[in-house]
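Down below is the structure, laid out as structure tokens.
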Amino acid sequence: MSTLPEADNFIEEFIVEDLKNGKHDGRILTRFPPEPNGYLHIGHAKAITINFEIAKKFGGSSNLRMDDTNPSTEETHFVSSIEDDIKWLGYEWAGETLYTSNYFGELYELALQLIDKGLAFVDDSTAAEIAEQKGDIDRPGINSPFRDRPATENRDLFERMKGGEFADGSKVLRAKIDMTHPNLLLRDPVLYRIKHETHHRTGDEWCIYPLYDFAHGQSDSIEHITHSLCSLEFRHHRDLYNWIIEALGIFPSRQIEFARMNVDYLITSKRRLKLLVDQGLVAGWDDPRLGTIAGMRRRGYPAAAIRNFCLRTGVTKRDNQQEFDFLEHNVREVLNVSADRYMAVLDPVKLVITNYPEGQSESLSSDNNPEDASRGQREIPFGREIWVEREDYRKEPQNRKYYRLAPEKDVRLKSAYIIHVDGHEEDADGTVTQINATYYPDSKSGEDTSEIKAKGTIHWVSVGQGIDVAVREYDKLFTDPTPMDHEGRDFLEFINPNSVTTITAKGEPGLADVVADEALQFLRKGYYTLDKDSTKEKVIFNSTCGLKSSWKG
RNA sequence: AGACCCAUGGUGUAAUUGGCAACACAACAGUUUUUGGUACUGUCAUUCAAGGUUCGAGUCCUUGUGGGUCUACCA
């Protein structure tokens with residue numbers, strides 16, 4: 001027996017305990033069971049991470065199972081987007097993608113067994129009647145008038161339900177448990193309903209479909225899932241999950257619930273996500289402002305950053321609200337070492353180096369990534385006229401705590417020369433139209449003999465050779481970190497009207513050759529990535545996130 | 001109201017299962033720096049409340065308080 005890994009959270013403690021007891025011969029198999037009716041989001045990423053990482057840690061594996069028991073809402077195209085997202089996140093499921101609909105036949109047989117054991121019955125009550133029979137939190141339910149039908153009659157009726165004899169809603173199959181049970185889910189829950197609808201995989205083969213409680217758990221058993229990890233809201237379902245396992249004597253998968261993760265400014269409600277997309281409030285399911293996997297990917301978040309974030313936020317049973325800052329911290333951590341640096345001026349103003357010979361230009365080299373020498377260097381054209389950031393200039397001479405451009409200040413141009421600011425020209429409104437400076441020829445980067453100390457370094461782009469690039473700057477989609485948590489107010493009231501702004505920036509020539517999915521940093525500004533809308537004629541970048549700044553000016 | 005779940009700093013997680021409350025993010029103050037980035041250093045909680053058990057309690061017991069979940073032929 002090899003030594004067991006140490007448990008890092010309560011789920012792993014349960015697993016270690018099961019392993020020590022020799023349960024399932026030490027085999028570990030988890031599963032991720034999405035319903036193919038929408039796109040995956042950060043909350044799913046958390047569940048995926050937990051299921052796949054825990055299995056991996058204990059030498060097991062994980063299944064991917066589409067929980068497709070409701071033909072009215074599920075579509076095939078969601079299946080492939082879900083598969084793509086999981087693969088992109090960096091996880092590999094065991095074997096083929098599985099489907100609950102693969103088990104419709106077995107599930108039907110199990111239902112028959114339950115009927116034969118006298119533990120399920122066909123009910124002719126309407127949905128409203130069943131709801132009424134159910135009672136509520138402090139009122140016990142009452143038995144259905146059809147509850148005592150003999151098993152043979154139930155079997156006959158159920159077979160005819162399958163045969164298509166009855167109309168939608170006219171009959172259901174219910175478990176026979178206890179109509180006074182404090183857990184309302186055990187008050188004779190509905191197991192099967194009639195739906196004459198075409199299923200995305202089984203077509204018109206079936207007109208009865210199992211409900212979640214008679215599909216999910218049993219699929220776990222069929223696949224011999226050892227640990228079925230799900231979120232807290234399924235706690236009450238566990239009693240039914242176990243009841244069915246016991247009643248049928250099928251493989252005893254163990255359900256363990258953990259608290260779902262909430263992240264500030266990100267919504268994880270499929271319904272509301274769909275609303276934002278349908279109303280055109282965002283540019284689609286992969287809008288970079290959304291917490292969908294596809295959106296975060298388009299935004300430029302590395303998969304490793306999302307994985308780290310999910311891993312580091314832990315696994316507990318408490319409600320939790322993660323700060324957006326921590327998500328971005330994980331993004332920056334990965335990008336700092338993986339993103340090549342470029343210079344781009346987002347709000348350009350021209351700077352003229354008056355003592356640099358007119359018509360002259362030179363090529364300067366710069367590190368692609370100061371964190372990784374193996375990334376090499378690149379050449380950047382330099383000349384008499386350059387673009388600099390408007391916010392890097394102050395009209396008035398500034399105090400010594402200010403390191404950037406202002407009259408009489410010495411500032412280094414990244415990978416180029418130190419310049420001395422002489423002044424500026426402005427229009428009638430007082431807007432600066434040009435900055436004038438002189439450079440120190442002996443201060444060239446790498447061979448500086450000037451002995452001038454310039455505290456500040458700024459980025460720049462040659463006017464002659466710089467290219468225009470479109471940049472989409474993103475802000476939070478909502479003005480409130482928890483837009484859903486306001487009693488009596490709709491989350492749409494908190495939509496930030498200025499969450500995206502597109503600007504035209506000046507970028508160094510190399511930016512024309514950037515490829516999709518490449519992470520880059522615009523020096524001193526932030527991380528960016530090429531958008532899918534980008535073309536050779538019009539280069540478009542998405543802002544991933546800004547750089548941290550300790551400057552308080 | 002009933003059942004079930006939860007409670008440690010601004011946020012999130014730890015605490016050898018009863019032995020001087022740790023780590024990360026954020027914030028603040030510095031050092032280094034050709035990115036006001038990165039890296040590095042320092043500061044920031046007597047663990048919801050009140051009792052109890054014990055030499056000793058964040059960990060155990062009791063009673064409160066606060067929060068969450070559940071009354072779909074959705075998953």
Side-chain angles (χ1 to χ4, degrees), chain A residues 8-9 33-35 37 67-70 72-74 100 123 125-128 130-131 134-141 168-174 181-187 189-195 208-209 211-213 215-216 230-239 257 259 261 264 270-271 309 312-330 332-333 336-337 341 343 366-367 370-371 401-404 411-418 443 445-446 448 454-459 521-527 546-553:
Chain A
D8 283 328
N9 54 248
E35 184 187 11
N37 69 346
D67 213 349
D68 56 350
T69 61
N70 188 351
S72 342
T73 55
E74 293 143 7
T100 297
D123 197 336
S125 306
T126 63
I130 289 175
K134 190 162 208 155
D136 59 36
I137 277 161
D138 43 20
R139 188 167 50 93
D168 287 8
S170 62
K171 282 178 171 47
V172 291
L173 180 73
R174 287 227 261 169
H181 199 103
N183 180 349
L184 304 235
L185 275 164
L186 291 252
R187 320 244 266 224
V190 175
L191 267 23
Y192 263 91
R193 80 284 222 186
I194 301 171
K195 258 181 191 282
I208 55 171
Y209 293 94
L211 272 94
Y212 170 81
D213 287 300
H216 177 83
C230 61
S231 49
L232 242 34
E233 60 266 35
F234 292 98
R235 166 60 191 92
H236 303 285
H237 291 261
R238 190 172 81 215
D239 297 336
E257 313 86 16
M261 176 179 72
D264 284 352
K270 263 186 214 172
R271 209 198 93 228
F309 175 67
R312 290 167 176 171
T313 46
V315 183
T316 64
K317 299 178 80 162
R318 320 178 198 159
D319 296 332
N320 61 89
Q321 189 70 35
Q322 306 292 341
E323 289 179 336
F324 197 77
D325 277 328
F326 188 52
L327 209 208
E328 287 203 330
H329 167 262
N330 282 278
R332 290 192 193 99
E333 181 188 36
N336 178 47
V337 297
R341 273 60 168 171
M343 289 201 280
S366 186
D367 287 337
E371 304 294 321
K401 297 285 277 179
Y402 176 84
Y403 308 148
R404 306 181 330 214
V411 173
R412 164 136 247 144
L413 295 176
K414 174 70 181 175
S415 297
Y417 301 89
I418 295 175
S443 67
S445 189
D448 184 354
K455 185 74 175 158
T457 300
I458 63 165
H459 57 101
Q521 182 192 107
F522 287 173
L523 218 66
R524 298 210 305 135
K525 299 312 282 185
Y527 295 101
L547 255 28
K548 283 187 63 174
S549 172
S550 55
W551 164 245
K552 300 168 218 39

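- At a threshold of 4.0 angstrom between heavy atoms, the contacts of A:Pro370 include nucleobase atoms, whether or not backbone atoms are also involved.
- Contact check, A:Arg341 against B:U38: no side-chain N or O comes under 4.0 Å of OP1 or OP2.
- A:Glu35 comes within 4.0 angstrom of sugar-phosphate atoms only, judged by non-hydrogen atoms across all strands, and of no base.
- B:U16 and B:U38 have their C1' atoms separated by 35 Å, with the value rounded to a whole Å.
- Residue-level contact check: A:Val337 touches neither bases nor backbone, having no heavy atom under 4.0 Å from any strand.
- A:Tyr402 comes within contact range of at least one nucleobase, with a heavy-atom separation under 4.0 Å.
- When the P atom is used for both B:A39 and B:G68, the distance is 38 Å, rounded to whole Å.
- Pairing of B:A45, defined by two Watson-Crick or G-U wobble distances under 3.5 Å, is not identified with any nucleotide.
- For the pair A:Gly314 and A:Ser125, both in contact range of RNA chain B, the more 5′-proximal nearest nucleotide belongs to A:Gly314.
- No engagement by A:Leu232 is indicated, since no non-hydrogen atom pair under 4.0 Å with the nucleic acid exists.
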Derivation of the side chain to side chain contact (heavy atoms under 4.5 Å, CB included) call for A:Asn70 and A:Tyr212: CA-CA 9 Å; A:Asn70 188 351; A:Tyr212 170 81; over 6 Å; no
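- One P atom belongs to B:C73, the other to B:U65, and the distance between them is 34 Å to the nearest Å.
- Among the atoms of the strands shown, base atoms are found under 4.0 Å from some heavy atom of A:His237.
- On the P atoms, B:A72 is 32 Å away from B:U63, given to the nearest whole Å.
- Note on A:Thr313: only backbone sugar-phosphate atoms sit closer than 4.0 angstrom, heavy atoms only; bases stay farther off.
- Under the 3.5 Å distance criterion, the side-chain polar atoms of A:Arg524 are left unmatched by any main-chain donor or acceptor of A:Leu547.
- A:Gln521 comes within 4.0 angstrom of a nucleotide base, judged by non-hydrogen atoms across all strands.
- If you check every strand for non-hydrogen atoms under 4.0 Å, A:Lys171 touches nothing.
- For the P atom pair drawn from B:G18 and B:C44, the interatomic distance equals 30 Å after rounding to whole Å.
- The P atoms of B:U47 and B:A27 are separated by 27 Å, rounded to the nearest whole Å.
- Within the 4.0 Å cut-off from OP1 or OP2 of B:U71, not a single side-chain nitrogen or oxygen of A:Arg139 is found.
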Are A:Asp239 and A:Arg235 close enough, and set up right, to give a side chain to side chain contact (heavy atoms under 4.5 Å, CB included), and what steps lead you there? CA-CA 8 Å; A:Asp239 297 336; A:Arg235 166 60 191 92; 3.3 Å; yes
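- Residues A:Leu184 and A:Leu186 are not in side-chain contact: their nearest non-hydrogen atoms beyond the backbone lie 4.5 Å or more apart.
- Nucleotide B:C70 holds its P atom 16 Å from the CG atom of A:Asp138, rounded to whole Å.
- Searching all strands for a Watson-Crick or G-U wobble partner of B:A22 with both distances below 3.5 Å returns B:U13.
- OP1 or OP2 of B:G37 has at least one side-chain nitrogen or oxygen of A:Ser550 nearer than 4.0 Å.
- The distance between atom CZ of A:Arg412 and atom C1' of B:U35, rounded to the nearest whole Å, is 13 Å.
- Between A:Ser445 and B:U34, a side-chain N or O to OP1/OP2 separation shorter than 4.0 Å is absent.
- Looking at heavy-atom distances under 4.0 Å, A:Val172 makes contact with a base.
- The partner of B:A1, taking Watson-Crick or G-U wobble pairs whose two distances both stay under 3.5 Å, does not exist in any strand shown.
- A residue-by-residue look at A:Ser443 and A:Ala127 shows that A:Ser443 has its nearest nucleotide of RNA chain B further toward the 5' end.
- B:G36 has A:Tyr403 stacked on its base ring, the centres lying under 5.5 angstrom apart and the planes within 30 degrees of parallel.
- Between B:C4 and A:His236, no contact under 4.0 Å exists linking OP1 or OP2 to a side-chain N or O.
- In this structure, A:Glu371 places its CD atom 8 Å from C1' of B:A39, rounding to the nearest Å.
- The CG-P distance, from A:Asp319 to B:C48, rounds to 16 Å in whole Å.
- Note: CZ (A:Phe326) to P (B:G12) measures 12 Å, nearest angstrom.
- Classification of B:U17 as syn follows from a glycosidic angle within 90° of 0.
- One P atom belongs to B:C5, the other to B:G19, and the distance between them is 25 Å to the nearest Å.
- Not one side-chain nitrogen or oxygen of A:Lys317 sits closer than 4.0 Å to the OP1 or OP2 atom of B:G68.
- Regarding contacts with the backbone of B:A75, a side-chain N or O of A:Thr69 is found under 4.0 angstrom from either OP1 or OP2.
- Using Watson-Crick or G-U wobble geometry with both donor-acceptor distances under 3.5 Å, B:G66 finds its partner in B:C6.
- Closest approach of A:Arg187 and A:Arg174 over heavy atoms only: O-NH1, 3.8 Å.
- Counting to the nearest Å, the P atom of B:A3 and the NE2 atom of A:His181 are 11 Å from each other.
- No donor-acceptor contact under 3.5 angstrom links the side chains of A:Asp319 and A:Gln321, judged on distance only.
- At the heavy-atom level, A:Gln322 lies under 4.0 Å from the strands shown only through sugar-phosphate atoms.
- Taking only side-chain nitrogens and oxygens, A:Arg318 never comes nearer than 4.0 Å to OP1 or OP2 of B:U69.
- Separating the P atom of B:C74 from that of B:C6 is a span of 30 Å, rounded to the nearest Å.
- Between the C1' atom of B:C74 and the NE2 atom of A:His216 lies a distance of 14 Å, rounded to the nearest Å.
- At a threshold of 4.0 angstrom between heavy atoms, the contacts of A:Asn320 are confined to the sugar-phosphate backbone, with no base atom among them.
- Residue contacts shown for A:Gly141 are absent, as no nucleic acid heavy atom lies under 4.0 Å away.
- Residue contacts shown for A:Lys195 are limited to sugar-phosphate atoms, with no base heavy atom under 4.0 Å away.
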